[in-house]
Amino acid sequence: MAKTDMQQLRSDIYDIVEQIPRGRVLTYGDIARLAGYPRLSRQVGHLLSTVSPSLHLPCHRVVNAAGRLAPHWPEQQRLLEAEGVKVEPGKDGTARVRLKAYRWALSL
DNA sequence: ACATTGACCGGTT
DNA sequence: AAACCGGCCAATG
């Protein structure tokens, strides 16, 4: 994967995340597939971690495939709940969302 | 070059 | 539901 492709992936990610409707969520894997790089879910996560808040990108609507929220970002839960996404703590205390209910419906 | 590290994924216990 | 496992790949030291 060349550096230029990473730049391309970054802008594609921005486009996709920008279109996630209020109250819905997507997974890193979903975004990687939509961008055309189905095996780069980890890179998607890393790129999103370096997004400047000034872009007003709704990256709080991105969770992992288990519905778990991003580490090192406690704020995310409050942002999701503010738009009606229910976040319930599991037995171990880790917060999760029900993908079955909130995942942005896509034809994959 | 080599090893380790992640905002990860899917299948199998 | 959760733990475990093997795979994944750019970035980093």
Side-chain angles (χ1 to χ4, degrees):
Chain A
M1 173 79 47
K3 199 179 295 183
T4 55
D5 292 337
M6 280 294 101
Q7 292 294 323
Q8 183 65 53
L9 176 60
R10 189 193 49 163
S11 63
D12 288 344
I13 287 173
Y14 287 8
D15 287 341
I16 293 165
V17 172
E18 212 167 38
Q19 295 176 42
I20 307 177
R22 264 185 66 111
R24 305 314 267 315
V25 300
L26 274 189
T27 73
Y28 300 100
D30 287 339
I31 293 172
R33 284 191 291 272
L34 288 170
Y37 297 94
R39 303 177 240 175
L40 297 191
S41 48
R42 303 193 84 127
Q43 277 56 267
V44 171
H46 182 256
L47 287 172
L48 284 184
S49 77
T50 67
V51 166
S52 163
S54 62
L55 296 178
H56 303 117
L57 214 58
C59 44
H60 60 279
R61 299 184 186 136
V62 183
V63 301
N64 72 16
R68 251 193 285 272
L69 278 51
H72 316 307
W73 192 24
E75 187 82 355
Q76 185 177 17
Q77 175 169 354
R78 190 183 61 74
L79 291 169
L80 285 172
E81 285 172 339
E83 50 186 68
V85 176
K86 194 198 269 185
V87 181
E88 2 187 26
K91 172 134 194 192
D92 55 1
T94 63
R96 325 192 24 180
V97 310
R98 299 191 190 186
L99 290 179
K100 199 78 191 300
Y102 298 111
R103 192 185 208 171
W104 191 22
L106 298 165
S107 43
L108 299 174

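When reading the values below, keep in mind they use all heavy atoms of this one structure, side chains included, and skip hydrogens, waters and symmetry mates. We name chains A, B, ... by the order of the sequence lines, and we start the count at 1 in each one.
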Trainee: Over how many whole Å does the gap from A:R39 atom CZ to C:dA10 atom P extend?
Mentor: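 Taking atom P of C:dA10 as the reference, CZ of A:R39 is at 10 Å.
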Trainee: Does A:I20 form a side-chain contact (heavy atoms from CB on, under 4.5 Å) with A:V62? I'd like the steps, not just the answer.
Mentor: CA-CA 9 Å; A:I20 307 177; A:V62 183; 4.2 Å; yes
Trainee: Whole angstrom is fine here: how far is it from CD in A:Q8 over to P in C:dA10?
Mentor: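 Value for this atom pair: 16 Å.
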Trainee: Can you give one letter per nucleotide of nucleotides 6-13 of chain B, 5' to 3': B if a protein heavy atom sits under 4.0 Å from the base, S if only from the sugar-phosphate, - if neither?
Mentor: BBBSS---
Trainee: With rounding to the closest Å, how many angstrom separate the C1' atoms on B:dA1 and C:dG13?
Mentor: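 The answer is 12 Å between these two C1' atoms.
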Trainee: Report yes or no: do A:L9 and A:Y28 belong to one cluster of Ile/Leu/Val/Met/Phe/Trp/Tyr joined by side chain heavy-atom distances under 4.5 Å?
Mentor: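 Yes; tracing contacts between hydrophobic side chains, which count when under 4.5 Å, links both residues.
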Trainee: Return the OH to CG distance between A:Y37 and A:D12, rounded to the nearest 0.5 Å.
Mentor: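 Reported value, rounded in 0.5 Å steps: 7.0 Å.
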Trainee: Supply the atom-to-atom distance A:R103 CZ to A:R24 CZ, rounded to the nearest 0.5 angstrom.
Mentor: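 If we round to the nearest 0.5 Å, A:R103:CZ and A:R24:CZ are 11.5 Å apart.
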Trainee: Taking the basic N atoms (NZ, or NE/NH1/NH2) and the acidic carboxylate oxygens, is any pair closer than 4.0 Å for A:R78 and A:E75?
Mentor: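 Between A:E75 and A:R78 there is a salt bridge, with a charged N closer than 4.0 Å to a carboxylate O.
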Trainee: CG of A:L9 versus P of C:dA11: gap in Å, rounded?
Mentor: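 After rounding, the reported distance stands at 10 Å.
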Trainee: Would you measure the distance from the P atom in B:dA7 across to the matching atom in C:dG6 and give it in whole Å?
Mentor: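 Looking at atom P only, B:dA7 and C:dG6 are 23 Å apart.
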Trainee: For the atom pair CZ (A:R22) and CZ (A:R61), what is the distance rounded to the nearest 0.5 Å?
Mentor: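 Going from the CZ atom of A:R22 to the CZ atom of A:R61 covers 6.5 Å.
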